[in-house]
Participant: 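A single structure is presented below for examination.
So that the names make sense, note that chain A is the first sequence line, chain B the second, and so on, each numbered from 1. Computed from a predicted model, the values in this text were never measured in an experiment. Note: hydrogens, waters and symmetry copies are ignored here, and every other heavy atom, side chains too, is used.
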Amino acid sequence: MRTLKIPNPVQLKNSTALSKFPCFSHHPTRSFNNVLPIDPLLSEKNPQRAFIGLLKSISRRSPAPSLLEIEFLHCKTIKASFIGNTNVGNGILNLYVKYGSIGFAHALFDEMLQRDALTWTILLSAYSRIGNHELSLGLFSTMLADKVFPNHFTLACVLKCCINLNDFEMGREVHGWILRNGIELDVVLQNSIMEFYAKFGAFECVKRVFGKMIERDVVSWNIMISLYLQIGDTNRSMELFRLSPFRDVSSWNIVINGHMQNELHSRALQLLYEMVNLGCRLNQFTLSISLVLAGRLVMLELGQQIHGQVLRTGFGHDAFIKTSLIDMYSKCGKMEVSKAIFNGIHQCTYYDGLVSKDILWSSIIAGYVQNGRSEDAIELFRRMLREGAKVDKFTLTSIAAACSDAGLLEQGRQMHACFEKLGHGFDVFLTSALTDMYAKCGSMQDAHKTFDSTSVRNVVSWTSIIGSYALFGQGREVIELYEKMLEENILPNEISFVSVLSACSHSGLIEEGQRYYKSMQEDYGIVPGVEHFTCMVDLLGRAGLLDQAKEFIQENKISHHSAVWRALLAASRVHNNIEMAIYSSEHLSRLEPYDVGSFVLLSNTYATQRNWMESSRMRNLMACRGISKQPGKSWIQLKGELHTFIVGDRLHPRADEIYFYLENLLVKLKEMGYSSRIDMVLHDLEEEQVESALNFHSEKLAVAYGIISTPCGTPIRVMKNLRICVDCHVVFKYISQATGREIILRDAHRFHCFKDGRCSCGDYW
DNA sequence: CTAGGGTTAG
């Protein structure tokens, strides 16, 4: 007979020291004599059997027995010399495992003189449950060497270990062993075998086992149903679902979740309604997945209804459900509610004993990041570290995105290094987020290094590096990378094209942009969405082809999208075309009467033409409608500290120095030939005031502060929440020349790298 | 057998 190739049989420790059970020496025997009726049992005809019955009932008792009670029982069995009985030993062993004390369980296991299949199975399944699958398999191997014949539970557990260890070969060996040893195949074992093959995508094997089954149950059918969902064959899975004689809650959960996984959210919603209408009871799984569904569809009311159902059914303390609730409210933009739920978590039942609070942390942090509240997310992350929660790749991915938004290069770098030190494995999500983070923080070297170190690249990895170069306006590199991606047989998605098209637009590659727009539809069958239309309007508009852009909007019948008008309006402003600006802003304000951008852009366009009447009329209208402009702010990070500036503000402790330096510098720049672009000032002011308003724009303050606080030659990295002003753009070119400093500025759309009197954007933006 | 958190653009 061939033996199983199971690694590392476990060396059992045969120790006899009871000192492994520290409470033994001073055991409070008296305190349990009333609660646990041991002594009367001992006078029964068959005290051992009675004792075994007691152990069984205690293991099912709620609340579960305390460690002291278990040790008390253990003590009693020794005193009554029952411990040599395998069934008694198994009973106590089971209690230790249920209590979660594997160390004590293993110590008892070592002391047992006779171990049967149950003894081994209790211990090895305990190890598997805490995630130590190797040890579990090692015990299995020792068990076989000890000539103890495994039962169905042992084998099912071993197959689970093979799934968790991703060890297909081992699982096949186990299956072979089962067949060779003529183990009778019952439903449970056959289901385990099916599940094993299903997890490894060995569809034919699953079907063969299912086909041969004489008796099938819900689980067998469910595995078949999920098998088809796994490969995206929703039709076939629904056929089986309708055919199944055992359709119950779990089957419904599987089809609903399966459709969600295949991105068929509205179909999933239909199924949920059908399930409810049939009067099917919703269990905790249903509630959890339907909350996720409500979040993805941004259906707040549905989410609230399910929340009500959660409270009614008493699942409010389930940790899984709490995470789903946090996720749902975050996705619906209700961060206050998410936060309240998160803060109310003290006593949630950790379902299955495997749920940890780390996931709750990561889900609330993700919520803040998704709602654009990076500072709050980072603050929460610090609290999480203080409270000793474990940082995993999920949290770190969100934090990387938060650092991208806030432009915090140093924090991002620290977290990256910290994570690498922990020795976590490679992850596509994380490396994509890090690539993006480094790029958005201005370090293309780090972004490229991260991308190069990405061993398994998918569309997202490629799209993030492509988007990074697009951010720096390096259209040629973007096109090169895009072609490289195609060479590696990675199919571009909608987002890849947004990056490519916006890069073309930012680099003035008009023909290329139009070619890729065509290729997207013809070669990849991607139907252009608002984002692509907007890129095209932007592409034409930036190039000054305003009429063509307008025609593009009409031809594609997209005049109901505000974004395309916003792009045209922005282009009209850059090219000072007041008629087109008015035309597009009329459309824009009809579509979005409360949109800040439309007012600001139009009012600015009027202002540029020095039409103060119209400009101020626009601003008054904004005030009437209660719209306020997002204040422009710029920030710079020095020695780990963030310095934020708004136009003309003197709040900074070194404000006097900053202003003094800036004023002198501007005099010098004028000698070099600079003159103020006063046409960029947005209010009707006297000439002198105009100039001073311009001179102290937030980005100028931040750059000046950077120069006076760092040694000569250090590059200056500044972030701005809005687009850079035209005058500042001119000034920074002069400054880079006059001071020999490199100025790297990230605005709302892209990077501008000023060096030796020139900007990387080539003034095309 | 079935459940929760993450990436890319605008």
Side-chain angles (χ1 to χ4, degrees), chain A residues 188 191-192 194-195 198-199 217-227 229 246 248-258 260-261 283-293 295 315 318-328 330-331 351-352 355-356 358-367 369-370 392-402 404 427-437 439-440 454 458-468 470-471 492-503 529-535 538 563-564 566-567 748-749:
Chain A
V188 177
N191 287 344
S192 301
M194 276 174 71
E195 195 201 342
K199 283 275 150 61
D217 66 0
V218 212
V219 179
S220 333
W221 282 90
N222 283 352
I223 293 171
M224 285 308 289
I225 295 166
S226 22
L227 184 69
L229 287 165
F246 305 100
D248 73 353
V249 209
S250 63
S251 320
W252 281 100
N253 291 340
I254 287 167
V255 289
I256 293 172
N257 192 48
M260 283 165 67
Q261 243 134 42
N283 65 10
Q284 71 271 44
F285 292 88
T286 331
L287 294 169
S288 178
I289 55 178
S290 35
L291 283 169
V292 175
L293 182 60
F315 284 120
D318 186 301
F320 259 96
I321 298 214
K322 286 199 178 195
T323 328
S324 311
L325 278 169
I326 290 173
D327 178 55
M328 184 276 290
S330 302
K331 294 229 159 71
Y351 189 75
D352 217 33
V355 178
S356 77
D358 305 339
I359 298 177
L360 290 158
W361 278 107
S362 94
S363 87
I364 187 87
I365 288 174
V369 178
Q370 283 159 10
D392 62 8
K393 55 185 177 179
F394 290 94
T395 318
L396 203 78
T397 307
S398 292
I399 289 299
S404 304
D427 187 79
V428 210
F429 286 91
L430 183 58
T431 47
S432 305
L434 286 170
T435 305
D436 179 62
M437 185 270 291
K440 287 216 181 105
T454 305
N458 63 11
V459 206
V460 180
S461 338
W462 279 98
T463 305
S464 51
I465 191 72
I466 288 174
S468 299
L471 212 56
N493 65 13
E494 319 70 78
I495 302 173
S496 318
F497 280 106
V498 176
S499 287
V500 172
L501 294 177
S502 82
V530 202
E531 295 84 357
H532 305 108
F533 290 133
T534 311
C535 281
D538 197 51
V564 297
R566 201 173 289 125
H749 288 287

Participant: Would you say the side chains of A:Ser250 and A:Asn253 form a donor-acceptor pair under 3.5 Å?
Facilitator: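 On atom types as modelled, these side chains do not qualify, holding no pair under 3.5 Å.
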Participant: Stacking between A:Phe285 and B:dA3, defined as ring centres under 5.5 angstrom apart with planes under 30°, is that present or not?
Facilitator: no
Participant: Please report the distance, rounded to the nearest Å, between CG in A:Leu434 and P in B:dG6.
Facilitator: 16 Å
Participant: From CE of A:Met260 over to P of B:dA3, roughly how many Å is that when rounded to an integer?
Facilitator: 10 Å
Participant: I need the CG-P distance between A:Leu396 and B:dG6, as an integer number of Å.
Facilitator: 14 Å
Participant: Under a 3.5 Å threshold, yes or no: a donor from one side chain and an acceptor from the other, between A:Ser324 and A:Asp327?
Facilitator: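 Not at all, the side chains of A:Ser324 and A:Asp327 share no donor-acceptor pair under 3.5 Å.
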Participant: In dot-bracket form, how is DNA chain B paired, counting a Watson-Crick or G-U wobble pair only if both its distances are under 3.5 Å and using | for bases paired to another strand?
Facilitator: ..........
Participant: Distance check needed: B:dA3 P versus A:Asp248 CG, whole Å only.
Facilitator: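 Result: 14 Å.
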Participant: The criterion is side-chain contact (heavy atoms from CB on, under 4.5 Å); which residues satisfy it with A:Leu471, sequence neighbours excluded?
Facilitator: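 For A:Leu471, the residues satisfying side-chain contact (heavy atoms from CB on, under 4.5 Å) (neighbours in sequence not counted) are A:Lys440, A:Phe751.
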Participant: Examine the side chains of A:Ser499 and A:Thr463 and answer whether a donor and an acceptor come within less than 3.5 Å of each other.
Facilitator: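 On atom types as modelled, these side chains do not qualify, holding no pair under 3.5 Å.
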Participant: Atom CG of A:Asn283 and atom P of B:dG4: how far apart are they, to the nearest Å?
Facilitator: 13 Å
Participant: To the nearest angstrom, how far is A:Ile364 atom CD1 from B:dG6 atom P?
Facilitator: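 Spelled out: CD1 on A:Ile364 to P on B:dG6 is 12 Å.
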Participant: On a plain distance test, is the side chain of A:Asp358 in donor-acceptor contact with the base of B:dG5 below 3.5 Å?
Facilitator: no
Participant: Please walk me through it: do A:Met328 and A:Val292 pass side-chain contact (heavy atoms from CB on, under 4.5 Å)?
Facilitator: CA-CA 6 Å; A:Met328 184 276 290; A:Val292 175; over 6 Å; no
Participant: From CG of A:Leu229 over to C1' of B:dT2, roughly how many Å is that when rounded to an integer?
Facilitator: 11 Å
Participant: Without hydrogens or angle criteria, can the side chains of A:Asn493 and A:Ser496 be said to hold a donor-acceptor pair below 3.5 Å?
Facilitator: yes
Participant: Between the protein and nucleotides 7-10 of chain B, which nitrogen or oxygen pairs come in under 3.5 angstrom?
Facilitator:
residue : atom : partner  : partner atom : Å
B:dG10  : OP1  : A:Ser502 : OG           : 3.2
B:dG10  : N2   : A:Glu531 : OE2          : 2.9

Participant: Would you say A:Val219 and A:Ile223 make side-chain contact, with heavy atoms under 4.5 Å?
Facilitator: yes
Participant: To the nearest angstrom, how far is A:Asn222 atom CG from B:dA3 atom C1'?
Facilitator: 14 Å
